[in-house]
Amino acid sequence: MINFNGNITSGEDNILTQNRAFLFGDGVFETVKIVNSKILYLEDHYFRLMASMRVVRMEIPMNFTMEYLEEQILKLVNETNLTSSARARITVFRNDGGLYLPKTNEVSYLITASALENSLYEINKAEYEVDLYKDFYVTKQLLSSIKTTNKMINVTGSIFAHENGLANCLLINDSKNIIEGLQGNIFMLTGKKLVTPPVSEGCLNGIMRKQILAAAKKIEGIEVAEEIISPFDLQKADELFLTNVIMGIQPITKYRKKEFTSNLAHLLVQKLNESITEN
């Protein structure tokens, strides 16, 4: 028996009582974008998911091929008539049993999907002010670079941003360097040099981050580097933007008293959309 919101019921009636993702954050996930029944950057998402499962010592089922996961995601999207433009999340969690030490490393998965308004990426032209979130730090370790179901820093940071009238916050690591935003990787343009923190700093190994690095390297006159970004560097930047697979690129318009342009962000969004329509 369990007490759920004041009601004594059978534990069997609540699937969360033994779910390890709920109890211990023992899960990993991927969020993908679907356009016209195609999962964007499928291969990158698949290999990051497999790498994440290996990092946390989950047993990868024999049927967990890229084709199988694609089939399962699109099966849900087709059933819910979301094929034109949608986001889907696949969460993989260790099966029930045990306390900190699990009884098994076998896994189950859950896929959810919801509609997106636009199939192609667009620049949000609204004011987008950010500041640092300094209540908690992200540690420079491998676990920080994968998507686990423990996102408490992102949750509390989002509450902080909301309470302070900010669009987003920037996370810092235990060396007090900038690593990413609450919902995406960060890029900084200073002059003709585009910089994003290396994964070794504790940032997420983002799928859109990879696409932006590749696209920017093809732009004449732009130098691209993975380097440490300090809070002081932000004040000298010409342009700041955040990236993830769902929104694409989100320009930061203001950090404290400094305002930024978004010319490179617009150019990169154009290149992203060209690659989507070509494929």
Side-chain angles (χ1 to χ4, degrees), residues 31-36 38-48 85 116 118-130 145 167-168 170-171 177-279:
T31 303
V32 302
K33 181 172 182 176
I34 296 101
V35 175
N36 296 328
K38 179 181 178 180
I39 301 172
L40 302 185
Y41 320 119
L42 171 62
E43 185 174 285
D44 290 329
H45 280 291
Y46 173 75
F47 284 115
R48 185 173 67 175
S85 184
L116 289 175
N118 301 311
S119 56
L120 296 179
Y121 292 116
E122 295 184 358
I123 290 286
N124 179 2
K125 297 180 181 179
E127 181 177 313
Y128 201 89
E129 182 178 358
V130 306
S145 69
N168 209 322
L170 304 180
L171 298 175
N177 292 318
I178 307 295
I179 60 163
E180 60 193 1
L182 294 169
Q183 299 97 9
N185 292 103
I186 186 168
F187 284 80
M188 177 182 74
L189 179 69
T190 306
K192 296 294 184 180
K193 186 175 184 178
L194 182 67
V195 173
T196 194
V199 173
S200 58
E201 283 293 287
C203 69
L204 178 70
N205 188 13
I207 302 302
M208 184 53 69
R209 174 183 182 274
K210 178 180 177 181
Q211 311 306 317
I212 296 301
L213 285 171
K217 288 176 181 177
K218 297 177 182 178
I219 299 176
E220 186 176 354
I222 296 294
E223 177 187 355
V224 180
E226 296 181 54
E227 296 177 355
I228 290 172
I229 298 176
S230 73
F232 178 72
D233 293 329
L234 301 181
Q235 300 285 358
K236 300 180 292 183
D238 299 305
E239 192 168 335
L240 295 174
F241 55 83
L242 303 173
T243 66
N244 69 38
V245 162
I246 301 302
M247 70 181 177
I249 298 177
Q250 172 59 61
I252 293 171
T253 62
K254 187 177 182 181
Y255 167 71
R256 298 187 175 175
K257 294 183 180 180
K258 180 67 183 290
E259 297 185 354
F260 305 94
T261 62
S262 59
N263 297 326
L264 181 60
H266 279 82
L267 178 57
L268 287 167
V269 164
Q270 179 182 335
K271 291 187 175 297
L272 286 176
N273 287 333
E274 288 173 356
S275 66
I276 293 172
T277 55
E278 286 172 0
N279 296 326

Gap between atom OG of S275 and atom CG of L40 - 0.5 Å precision: 8.0 Å
Close side-chain approach of K193 and E227, heavy atoms under 4.5 Å: yes
Reported CD1-to-CG distance for the pair I276 and N36, which is rounded to 0.5 angstrom: 10.0 Å
Flag, side chain of T196 to backbone of I186, donor-acceptor distance under 3.5 Å: yes
Distance, nearest 0.5 Å, that separates CE of M188 from CG of L194: 9.0 Å
Whether N168 side chain and L182 backbone form a donor-acceptor pair below 3.5 Å: yes
Nearest non-hydrogen partners of N118 and K33, listed with the distance: O-NZ, 3.7 Å
Side-chain heavy atoms of L213 within contact of E226, under 4.5 Å: yes
S230 backbone acceptor or donor facing D233 side chain under 3.5 Å: yes
CG on L189 to CZ on F260, rounded to 0.5 Å: 11.0 Å
Worked check of side-chain contact (heavy atoms from CB on, under 4.5 Å) between Y255 and Q235: CA-CA 8 Å; Y255 167 71; Q235 300 285 358; 3.6 Å; yes
Sub-4.5 Å side-chain heavy-atom contact between R48 and L204: yes
Residues forming a salt bridge (charged side-chain N to carboxylate O under 4.0 Å, His left out) with E122, sequence neighbours excluded: none
Side-chain heavy-atom pair I228, E201 within 4.5 angstrom cut-off: yes
Qualifying residue, where the test is side-chain hydrogen bond (donor to acceptor under 3.5 Å, both in side chains) with K210 and the options are N185, D44, N205: D44
Note, V195 side chain near I229 side chain (heavy atom, < 4.5 Å): yes
Which atom pairs, one a donor and one an acceptor, fall under 3.5 Å between side chains of residues 237-251 and the rest of the protein, sequence neighbours left out?
| residue | atom | partner | partner atom | Å |
| --- | --- | --- | --- | --- |
| D238 | OD2 | G191 | N | 2.6 |
| E239 | OE1 | N263 | N | 3.3 |
| E239 | OE1 | L264 | N | 3.1 |
| E239 | OE2 | L264 | N | 3.2 |
| E239 | OE2 | A265 | N | 2.7 |
| N244 | OD1 | I246 | N | 3.0 |
| N244 | OD1 | M247 | N | 2.8 |
| N244 | ND2 | Q183 | O | 2.6 |
| Q250 | OE1 | N124 | ND2 | 3.4 |

E43, CD atom: more than 12 neighbouring heavy atoms under 6.0 Å: no
Electrostatic pair E129-K258, nearest N-O below 4.0 angstrom: no
Spacing of I252 atom CD1 and Y128 atom OH [to the nearest 0.5 Å]: 7.0 Å
Derivation and outcome, salt bridge (Lys or Arg N to Asp or Glu O under 4.0 Å), residues E180 and R209: CA-CA 11 Å; E180 60 193 1; R209 174 183 182 274; over 6 Å; no
From NZ (K217) to CD1 (I222), nearest 0.5 Å: 13.5 Å
Ring-face cation contact, Y121 with K271, 6.0 Å cut, 45° max: no
Residues L171, I178; criterion side-chain contact (heavy atoms from CB on, under 4.5 Å); working and verdict: CA-CA 6 Å; L171 298 175; I178 307 295; over 6 Å; no
Side chain proximity check, V35 to L120, heavy atoms < 4.5 angstrom: no
4.5 Å side-chain heavy-atom contact, L272 and I212: yes
